[in-house]
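One structure below.
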Amino acid sequence: MGENVEKPANYNPQEIEPKWQARWAETHLYEVEEDAPRPKWYALTMFPYTSGDLHVGHWYAMAPSDVHARFKRMKGYNVLHPIGFDAFGLPAENAAIKRGIHPYKWTMDNVERMREQLKRMGSMYDWRREVITCLPEYYRWTQWFFLKLYEGGLAYRDKAPVNWCPKCQTVLANEQVVGEGICERCDTPVIRKDLEQWFFRITRYVDELLDFGGTEWPERIKAMQANWIGKSRGVEISFGLENGGGFSVFTTRIDTIYGVTFVVLAPEHPLVAELTTPDRREEVERYIESTRRQSEIERTSTEREKTGVFIGEYAINKLNGERVPVFIADYVLMSYGTGAVMAVPAHDQRDFAFAGKFDLPIRVVIAPPDWNGGELTEAHTEAGTMVNSAHFGGMPSDKAIESIADYVEEKGYGERKITYRIRDWLISRQRYWGAPIPMIYCDKCGVVPVPEGDLPVLLPEDAEFKPTGESPLKYCESFVNTTCPQCNSPARRETDTMDTFMCSSWYFLRYTSPGCFTCSADPAKMGYWMPVDQYTGGAEHAVMHLLYSRFFVKAICDLGIVDFDEPFTRLFNQGIVISGGQKMSKSRGNVIAPDDYVSTLGADSVRTYLMFIGPWDQGGEWDDRGIKGIARWLNRVWAVVIGSYEPAEEDEAQTRELRHITHKTIKKVHDDLERFHYNTMIAALMELTNHLGKVREERAASELAYNEATEALMLLLAPTAPHLAEEMWERTGRPYSIHNMSFPEWHENLVAVEEFTLVIQVNGKVRDKVTAPVTISEDEAKEMALRREKITSYIEGAKSIKVIYVPQKLVNIATT
RNA sequence: GCCGGAGUGGCGGAACAGGUAGACGCGACGGUCUCAAAAACCGUUGGGGGGCGACUCCCGUGUCGGUUCGAUUCCGACCUUCGGCACCA
């Protein structure tokens with residue numbers, strides 16, 4: 001019997017993986033259509049940027065999300081799992097400049113390669129739905145959305161600063177500014193330069209964006225978005241000037257108004273030039289110049305020493321008529337509030353530091369708890385009792401916030417206001433490789449949108465996309481020169497292109513209607529598939545991409561284009577794969593290419609290994625040796641499934657144990673898949689495999705139980721290792737395809753146990769363990785514990801004892 | 001700096017709701033097979049002490065403190081590290 005059991009042929013991924021990939025494609029296994037009666041599941045993975053080869057980091061985003069999509073499919077959902085390419089952007093231009101390849105060619109070559117690599121991963125993508133954002137058939141609709149937002153009053157033009165390299169005469173991305181504001185190409189200090197650019201009014205949607213109703217997002221991502229939006233309530237109050245006029249400041253702490261000893265304007269504040277006195281002008285201008293060289297992060301750091309300049313002018317605090325000096329300082333930003341702050345050194349840490357440096361008075365107006373009237377050593381930022389505050393003295397400061405606000409409004413000095421940290425979305429880019437903004441400038445008619453029928457505004461192929469000092473398209477005369485759609489006279493096109501976040505704010509709509517020529521996405525198809533049920537991608541997109549997409553959908557919902565106002569119902573952010581202790585990146589040279597592993601150990605091993613290295617949301621370290629362990633395990637799976645099994649002498653207890661483990665594993669794998677706990681799911685499958693190995697040696701469990709276990713093992717492994725599962729399914733005589741099978745069910749009565757280990761602790765330390773029936777009562781358990789020989793010695797001589805019982809867990813005896 | 005995470009054996013990690021710390025895997029060590037090696041398989045493996053031994057005691061989840069019968073888990077402060085900070089995507 002056992003001696004002449006045929007030896008199963010070895011598991012050979014090189015052979016079976018391409019075979020099944022071809023078969024799946026031939027049989028259109030993963031192509032999906034709307035199917036109203038079935039519940040739908042839209043499983044979306046953030047599409048990759050066309051950076052070149054697919055590396056392990058890409059796999060880490062794609063493979064586990066494919067596993068989840070496959071799981072949902074086995075659960076009976078009609079699953080849409082598309083993929084595409086984010087194809088516009090800076091790297092294509094950089095590559096073009098460096099290697100003399102046209103961005104289009106560079107990008108499309110990358111798409112070609114990445115597509116083949118993605119196919120080797122064995123994911124269930126419906127390739128008919130692929131989108132590539134740099135193709136006119138796609139960006140035509142990106143432009144169309146721009147026009148819709150423009151019509152809806154959500155797009156406008158305004159001045160905004162860009163990083164400018166005076167030597168290269170070009171706009172730099174933040175990434176191209178290195179060190180302390182240096183151009184990465186020529187080492188010249190970078191300055192900020194104002195340009196007229198296009199914005200979207202995302203600020204109009206702040207309150208809606210703060211409302212996450214109807215979504216199931218991680219709390220930490222919601223917190224990050226809420227902080228990004230940065231809503232604060234306060235008062236906008238005006239300060240007078242000695243020669244008349246004035247300016248407003250925004251404060252969340254109007255209760256400290258009587259403690260104002262100076263005011264600070266942002267160096268960019270429009271009043272600065274006007275107010276600066278002649279004797280201060282030179283120093284002020286020098287300071288403004290130095291500010292232009294600094295990033296916001298540097299400017300707002302609370303760590304570094306405060307800098308600023310007195311501009312020679314004084315402002316009047318209207319509440320007490322006091323005359324306070326006006327400074328400019330880089331820590332005040334023009335983009336927040338009114339670009340001016342009232343400084344209360346006694347109650348604000350930054351103001352305290354500033355006052356210390358410039359020897360300005362520090363006046364306490366909210367008494368710290370046991371204040372003796374002396375000098376403060378640091379700002380007191382907490383609430384307290386009002387002092388030195390006219391008729392508000394003696395009032396609790398939290399009450400005074402309201403009373404003073406009322407008083408200010410009554411007197412007409414200012415009003416309550418809500419301010420947000422978020423700024424409108426600047427979408428203009430002075431670059432070639434992006435979707436042209438579909439606007440025309442006519443001398444007679446002004447700003448005129450390109451008529452919808454004229455879309456797409458094609459990106460000219462022959463433009464000079466190297467840095468020239470202007471938007472590259474400005475030099476492409478065939479592009480720039482056009483006629484006004486309204487009056488037909490000669491006009492010029494907008495030469496800036498759109499931020500690539502614009503392309504990625506609606507791609508998930510396009511997947512529902514591939515290749516639609518008459519619309520961005522078919523409303524019926526969108527109606528079926530949207531919103532996305534599960535979105536997965538890197539946490540680096542927690543704020544920008546995810547916030548822009550939400551804004552976009554809310555805006556087009558209000559414009560009547562879609563009928564849902566949140567794009568992504570559930571969100572999951574995966575962590576990053578580390579190699580050599582660091583994040584993988586081309587510049588660090590520690591990128592792991594999966595291709596060799598796919599060729600030798602198989603895509604299934606790579607997929608499985610990536611899911612095993614750690615919790616998906618936390619990432620983990622890629623270790624060459626680890627993947628071999630996975631390959632070993634998959635071989636053991638092959639051996640226990642393919643090898644025949646015949647019990648020698650059946651033992652009912654062994655059969656029961658095997659069935660218990662099988663059903664426990666089904667439940668565990670199910671629950672782990674639901675929650676993306678892949679690493680523990682694989683551990684559970686390994687335990688089942690190890691147990692099956694033991695069963696094969698002992699040959700005591702029934703054949704029926706063995707077959708139940710191996711069938712479950714194949715099905716449970718199908719989402720993770722789709723090729724291996726399919727091959728085993730076929731070899732064990734089952735019909736094509738395992739990927740059309742349902743997820744196995746478990747029986748609770750087989751999962752349940754009859755006995756458990758009762759842990760007995762004395763003062764929280766484990767001193768004994770005993771097997772007890774699950775039906776044991778609290779009294780029985782406590783009595784059992786106290787009677788144990790080992791325990792009696794620990795509690796001898798105790799004055800009093802307290803016994804705590806945790807059902808089906810432990811008894812703890814606390815002695816005194 | 002600000003916002004959001006994370007810190008557990010030699011390593012990746014497990015512990016679902018405050019209740020047996022170290023599942024599963026890697027590595028290492030020992031063994032089987034082999035002329036030998038590789039592969040595969042079996043066993044041991046947090047640190048320290050005691051016992052011939054079945055065993056047993058102490059310490060241990062970044063640091064310090066707190067809450068609790070009991071803390072990897074909750075609270076406070078700190079340290080380290082990772083992601084984001086608006087033109088990388």
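Chain letters run A, B, ... following the sequence lines, proteins first, then strands; residues in each count from 1. Quantities reported herein were computed from a predicted structural model and do not represent experimental measurements.
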I'd like a table of atom pairs between the protein and nucleotides 4-6 of chain B - only N or O on both sides, under 3.5 Å - with the distance next to each one.
none

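Here Lys790(A) lies in heavy-atom contact (under 4.0 Å) with sugar-phosphate atoms only. Nucleic acid contact class of Arg632(A) (heavy atoms, under 4.0 Å, all strands): sugar-phosphate only. Among the atoms of the strands shown, none is found under 4.0 Å from any heavy atom of Glu296(A). Heavy atoms of Ile813(A) sit nowhere under 4.0 angstrom from any nucleic acid atom. Using a 4.0 Å heavy-atom criterion, one finds that Asn690(A) contacts the sugar-phosphate atoms exclusively.
Taking atom CG on Asn763(A) and atom P on C58(B), their separation rounds to 11 Å, with Å as the unit. For the pair Trp633(A) CH2 and A23(B) P, the computed distance is 18 Å after rounding to whole Å. Atom pair Lys668(A):NZ and C24(B):P shows a separation of 13 Å (rounding to whole Å applied). Between Phe676(A) atom CZ and C16(B) atom C1' the separation is 17 Å, expressed in whole Å.
Both the sub-6.0 Å distance and the 45° axial angle are satisfied by Lys306(A) relative to the ring of Tyr331(A). Cation-pi contact between Arg293(A) and Trp164(A): absent, since separation from the ring centre below 6.0 Å together with deviation from the ring axis within 45° is not met. In this structure, Arg607(A) fails the cation-pi test against Trp59(A), since its NZ or CZ atom is not both closer than 6.0 Å to the six-membered ring centre and inside 45 degrees of the ring normal. Taking the ring centre of Phe572(A) as origin, the terminal cationic atom of Arg675(A) falls outside the region bounded by 6.0 Å and 45° from the ring axis.
What you find for Asp496(A) and Glu196(A) is that their closest heavy atoms are OD2-O, 4.5 Å.
With hydrogens and angles left out, the side chain of Gln197(A) and the base of C87(B) share a donor-acceptor pair within 3.5 Å. One cannot find a donor-acceptor pair under 3.5 Å joining the base of C87(B) and the side-chain atoms of Asn174(A). Between the side chain of Arg675(A) and the base of C16(B) there is no donor-acceptor pair of N/O atoms closer than 3.5 Å.
Searching all strands for a Watson-Crick or G-U wobble partner of C2(B) with both distances below 3.5 Å returns G84(B).
In this model, the phosphate group of U20(B) is not approached by any side-chain N or O of Lys769(A) to a distance below 4.0 Å at OP1 or OP2. Close to C87(B), at under 4.0 Å from its OP1 or OP2, lies a side-chain N or O of Arg429(A). Contact annotation: Lys765(A) does not reach the phosphate of U56(B) (side-chain N/O to OP1 or OP2, under 4.0 Å). Considering only side-chain N and O atoms, Tyr794(A) lies under 4.0 angstrom from the phosphate OP1 or OP2 of C57(B).
Under the 4.0 Å criterion applied to side-chain N and carboxylate O atoms, Glu219(A) and Lys222(A) are assigned as salt-bridge partners.
Looking at Tyr597(A) and Asp624(A), their side chains do bring a donor and an acceptor atom within 3.5 Å of each other.
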